[in-house]
Amino acid sequence: MKKNITQKILEDHLVSGKLEKNNEIEIKIDQTLTQDSTGTMVYLQLEAMNIDSIKTDLSVAYIDHNTLQTGFENADDHEFIKSAAFKYGLVFSKPGNGICHQLHLENFGKPGGTLLGSDSHTPTNGGLGMLSIGAGGLDVAVAMGTGIYRLKMPEIMNIKLKGDLNPWVSSKDVILHILDILTVNGGLGKIIEYSGKGIKALSVTDRATITNMGAELGATTSIFPSDELTYKYLKSQGRKKDWIELKADDKAYYDSTIEINLSDVVPLVAKPHSPDNIATVNSLDGLKVDQVAIGSCTNSSYSDLMKVAKILKNKKVHPDVSLCISPGSSKILKMLAENGALADLIESGARILECACGPCIGMGQAPKNNGVSLRTFNRNFYGRSGTKSADIYLVSPETAAVSSLEGKLVNPESIGEAVKINEPKIYKECKSLFIYPIENRKNLEVVMGPNIKTFPLKDKLQDNIEGKIVLKVGDDITTDHIMPSNASLLPYRSNIPYLSKYAFSTIDENFWEKCQDNGGFIVGGENYGQGSSREHAALVPLYLGIKAIFAKSFARIHKANLINAGILPLEFIENEDYKDLEFDDKILLLNLKNELTENGIIEITNKTKNKKIKGKFNGNSRDIQILKSGGYLNWINKKLEADKE
Ligand code: MIC
Ligand code: SF4
């Protein structure tokens, strides 16, 4: 059979199952990554698993999200993660080194390999042909402990790129164009494989921008072939030995294919408050801008920032605009410093921020009240910037830079000839902020500060569950709605009781109070839980006593997180039934021990309305065992014990 890239990598890593659509498979994970805002949970879970050593070839613990240290909490989390990294033999990336995905691309990602990361943008490394999947922290902890990840075999969608990019159009515009076509749930249950002659127009970092925002399509991951451009990139990073050629066979099978002519793409913008709310830059020409933020794991590469520096050279940022720039890695910052581009940026009036996620996750630079912020980031969910009244627009680095000079949104074409940057032949060594594993790790202990609380464990699933609907929400609810993140909340990622006070606070400020009478149920629309991989969006509802969530559909990572936490996700069989469940209705689920079966149907009794509707449990026998054990940690511990005997 003619194979696509995904099939080739999965075949190489298959531990069990058949590579057929929707089948449960187990694959070997070569590498894992964690970042600090999900990482504390991961290492608490790894500790609770009681293992001696990790089973991956390489695991890296990055500190990049919570780098604002306004109190001891974040610093304590860093210390805890560092001590866990030492204990288990991981590479540790200190705060200030850069954003996990950019650093991983530069230093560790390998074509043909598998990577599991506790961050939804892990697919960034698909830009160099690595099958890179984002998952909840517990799945990553288990992958470290056992070397294995289980998933439902996704469909493979081929996006064929042809033609060439017009001047001033970049890979960010390409992925915004794709988001316009597919929307934020168009990638659900799919791996997206890019092919076609058009890929030659895209460097590895351009490709990484596209695979990065595959997360916004809801895709399991996205991947590019590994070709001579991949070779050049790895060689420039001093890693040519990591290169292998990887491409789909001629006439390989795909479940679906779409074709995109790169020359049809124009400068685009994602309007508030969703990455698929796409318009052309021209259609919003002249929109007054207060802030421009350049960086994030989507657009902070060397060539992105060099383009920005070239545009800003010898010019001044508009007096009404605050322009901030966060480079993707310390290596990139060092290169900009050495070649003079940093001086050009400073001279133009840019604020240079730390190499970290920064404003992308609301760690500083919240816009002014009712402010308009143009960002090169990947998410513009409501409230994420830290200012609820602000409007966030997602754009390319070119559009961001040119608009920062004009004080308004403008098409970069308006300034004349496009800037061109050649990828560097050699990326300078810059490893001072990495700490590598030491040989003798015996007797090393983890260090836990007072802010680190153990996470909630659940009792075994009860046979009958009764409670009230405490919240009903619409479609595309994000994890930023469920468990907001910003500079004041991120320090409490290892403190579920504290975080619980803020669950759903952008939607219903009284949610916490409504849950105090023994929790209950939540009703959601399509794509419930899209966005981040944060387990907190499951652990906090668990802590508040949420027992089941009824939705039209769930986002992949969030659904896995709910099951891992021990919360039952049920999907309406008839979307119409959504209307029959309302806030405060009394709900009963009966006889779950028998009724909960593989892809089975559960009766949802609405006692208030005296009505019965049906919900589907889209899960397998292992998911059922996990739910019945009261969560993945309880289940895996039993399994590891049994394996030892
Ligand atoms: C995000 O971009 O939303 C985050 C912050 O990186 C999250 C992880 C988190 O919530 O800690 C993600 O993408 O998974
Ligand atoms: Fe960090 Fe933003 Fe990327 Fe998330 S999306 S990893 S917060 S830069």
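The first residue in the sequence is number 1, and the count goes up from there. Predicted, not measured: the structure shown is a model, and the values here were computed from it. As the structure lists them, so they are numbered: ligands from 1, and atoms in each ligand from 1.
For the residue pair E106 and S329, a side-chain donor N or O sits within less than 3.5 Å of a side-chain acceptor on the partner. E535 and H558 share no side-chain donor-acceptor pair at under 3.5 Å. Side-chain atoms of T67 and E354 include a donor-acceptor pair closer than 3.5 Å. Between the side chains of T298 and N378, a donor-acceptor pair is found at a separation under 3.5 Å. No side-chain donor from either of T124 and H121 sits under 3.5 Å from a side-chain acceptor of the other.
Listed by number with element, the atoms of ligand 1 under 4.0 Å from a non-hydrogen atom of S533 are 12 (C), 14 (O). Each of the following atoms of ligand 1 lies closer than 4.0 Å to a heavy atom of R534: 3 (O), 5 (C), 9 (C), 10 (O). For ligand 1 and R493, the ligand atoms under 4.0 Å from any heavy atom of the residue are 9 (C), 10 (O), 11 (O). When each atom of ligand 1 is checked for a heavy atom of H65 under 4.0 Å away, the hits are 4 (C), 5 (C), 6 (O). Residue H65 has at least one heavy-atom neighbour below 4.0 Å for each of these atoms of ligand 2: 1 (Fe), 4 (Fe), 6 (S), 7 (S). Those atoms of ligand 1 that come under 4.0 Å of a heavy atom in R379, given as number and element, are 1 (C), 2 (O), 3 (O), 12 (C), 13 (O).
Aromatic ring orientation, H273 versus Y382: perpendicular (interplanar angle above 60°, classes split at 30° and 60°).
The protein atom (non-hydrogen) at minimum distance from atom 13 (O) of ligand 1 is S120 OG, 2.5 Å. Summary of contacts: the protein heavy atom closest to atom 11 (O) of ligand 1 is S37 OG, 2.4 Å. Looking from atom 2 (O) of ligand 1 to the surrounding protein, the closest heavy atom is R384 NH2, 2.9 Å. In this structure, atom 7 (C) of ligand 1 lies nearest to the protein heavy atom S532 OG, 3.2 Å.
Using a 4.0 Å cut-off between a side-chain N of Lys or Arg and a carboxylate O of Asp or Glu, R150 and D139 do not qualify as a salt bridge. Between R493 and E73, no side-chain nitrogen of the basic residue sits less than 4.0 Å from a carboxylate oxygen of the acidic one, so the salt-bridge criterion is not met.
Neither the backbone nor the side chain of M483 comes within 4.0 Å of ligand 1, counting heavy atoms alone. Only the side chain of I361 comes within 4.0 Å of ligand 1, counting heavy atoms alone; its backbone N, CA, C and O stay farther away. Heavy atoms of Q35 found under 4.0 angstrom from ligand 1 belong exclusively to the side chain.
In terms of modelled atom types and a separation under 3.5 Å, the side chain of D36 and the main chain of N66 share a donor-acceptor contact. Checked by atom type and distance alone, the side chain of E423 never pairs as donor or acceptor with a backbone atom of Y233 at under 3.5 Å.
Residue-and-atom listing of protein N/O/S atoms under 2.8 Å from atom 3 (Fe) of ligand 2, sorted by chain and number: C297 SG.
Separation of atoms CZ (F434) and NZ (K331) is listed at 8.0 Å; rounding is to 0.5 Å.
Not less than 6.0 angstrom separates the ring centroid of Y498 from the ring centroid of Y543.
Remark: ligand 1 and S118 share no N or O pair separated by less than 3.5 Å (distance only, no angle test).
Among V281, V372, N380, the one residue that satisfies the side-chain contact (heavy atoms from CB on, under 4.5 Å) test with Y393 is V372.
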